[in-house]
Amino acid sequence: MNKLTLTIFGGTGDLTYRKLLPAMYNLYIKNQLPKEFLITPIGRRDYTDTDYQGVIEPWISEFAQVKVKDEQLQAFFEHIHYFRMDFTTQSQYQLLDQYYEAHPSENHVVYYAVAPDFFEGITDGVSTMENMHEPKIVLEKPFGASFELAKFLSKKLETLFGSNHIYRIDHYLGKEMVRNILTIRDANLLFKNVWNKDSIDHVQISALEEVGVETRGNYYDHAGALKDMVQNHLLQIMSIVAVDDPTGNMNEQQLAVLKQLRSVDKLKIQDTLLLGQYDGYRQELHVDPASTIETFAGLKLFIDNERWQGVPFYIRTGKKMARREIEVKITFKRQREDVDPNVLVIKIQPTEGVYLEFNIKTPGEDSITKAQMDFCQNCNLIFKLNTPEAYERMLHACMIGDNSWFTKWEMIEYSWEYIDALKQMYSDANLPVYTYPQGSVEPKELSQLYHKDFEQWN
Ligand code: BG6
């Protein structure tokens, strides 16, 4: 009897190759999987197990965090059985059911690593299977092809499998430094007591990527940066920075922050949102040659509560940028006109660390000068080895039934509606989607949003 099975719908997709299987391999090497476990990637292609192993080997070698050794990889392969099936055909679920009759398991995790159009069919199929007892269902965003469908599906999933068995994944919540935001704030009096509008001038959350849309034009040309990055990952980070009680229940705390975002009817859209598209995007594979979808989004948001009233939260994210970098930068208020403000930067990716700027006396002079402390977490080999990759952490949490870091539907609903409303206002106001050259850090027009608070966002 298997202690754990992981069934992956979308077993021949990019997410499976790049993230899920390397994460499972890490868990395997770190002895975090039970001895008897089975991974069943599902796909339409006619692969034997040997064919499939040949396909995934280079991906695991490239993307697993631990160094891949041939002997261990071969042992890991023993736990993977590719299952050929057309998951859009309901009758085929009987075959999958028979397969699981022959490979019973105590703990079923089912990953929907496919486009949301397929979610409902898979849900119907899985719910009819007798040998898939109380499965835990893991969903990737977008959680439905449209807001209405996502809402409908969410209800259906919760009714069929129970709300505690639905794991809506936002892999940013698995990133070490995202979680560290809470600790850095809570465990240091230095920050804890000044984490509010009286001491903080503004917050900048930046997620830049060097890559473009690669092979995902089909999906991306409908989603755009707002749906792909802001609605989920970046609002997650923002709400984590802003929670009232960093030791409280995160789902409740974060939801409370989202509900206090300044309501859209009080916003002037030209001061709130700016969209851009990288030069050459329209020539990408599977992209409409006349597409106006954004590959860059910049926002200036406010949280109307006692802690944050009047503090701008700037967010920017884009593809084909000068560098890969995710960080949260907190600029404190100047305590006097003639001294620079303190700055705290929480570096999330690719460098993990904390940077602090403060003022000292210039040695040998009476003037004041700026000093920096720069802690690099991933430069420490032990820390680095002990830091699980985001998917590894999230998959493991799901296996042990811990869904505290998975997103509840209400949060998704709220952020989805908020972002949709902003986008609608932007298009109603006929604001342009600015073209920016590949390799820049933002469209130059973005400074319209932030110039009152700082000169340049490097
Ligand atoms: C995904 C987005 O959710 O996150 C991608 O769909 C993006 O477009 C990716 O590239 C970024 O994740 P990470 O972990 O590389 O920062």
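Since we're looking at a predicted model, the values are computed, not measured. Remember, it's 1-based here, ligands and their atoms both numbered in the order they're listed. Every heavy atom of this structure was used, including side-chain atoms; hydrogens, water molecules and symmetry mates were not.
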Problem - Test: Asp170 and Lys141 ion pair at under 4.0 Å - result: no
Exercise for the section: Inspect the contact between Lys227 and Asp420 and indicate whether a charged nitrogen and a carboxylate oxygen are less than 4.0 angstrom apart. Expected result: yes
Practice task
Would you indicate whether the side-chain heavy atoms of Trp195 and Trp308 approach each other to under 4.5 Å?
Solution key: yes
Handout entry: Short N or O distance, Glu209 and ligand 1, threshold 3.5 Å exclusive
Key = yes
Practice task
If you have a sec, work out which protein heavy atom is nearest atom 12 (O) of ligand 1 and how many Å separate them, to one decimal?
Solution key: His171 NE2, 3.1 Å
Handout entry: Within-shell test, Val211 vs ligand 1, heavy atom, strictly < 4.0 Å
Key = no
Problem - contact_flag Arg216 ligand 1 heavy-atom lt 4.0 Å - result: yes
Closer than 4.0 Å to some heavy atom of [X] - which atoms of ligand 1 meet that?
X      : result
Ile326 : 16 (O)
Lys141 : 1 (C), 2 (C), 3 (O), 6 (O)
Asp228 : 2 (C), 5 (C), 6 (O), 8 (O)
Lys319 : 5 (C), 7 (C), 8 (O), 10 (O)
Lys175 : 13 (P), 14 (O), 16 (O)

Completion exercise
Quick look: Tyr172 vs ligand 1, heavy-atom contacts under 4.0 Å, and the answer is side chain
Handout entry: Geometric cation-pi criterion, Arg44 with Phe87: 6.0 Å, 45°
Key = yes
Exercise for the section: Kindly confirm or rule out a cation-pi arrangement of Arg185 over Phe191, judged by NZ or CZ under 6.0 Å from the six-membered ring centre and within 45° of its axis? Expected result: no
Exercise for the section: State whether the side chain of Gln65 and the backbone N or O of Thr387 hold a donor-acceptor pair below 3.5 Å, judged by distance alone. Expected result: yes
Practice task
Report, as yes or no, whether the 6.0 Å neighbourhood of atom CD on Glu410 holds more than 12 heavy atoms from other residues, nucleotides or ligands.
Solution key: no
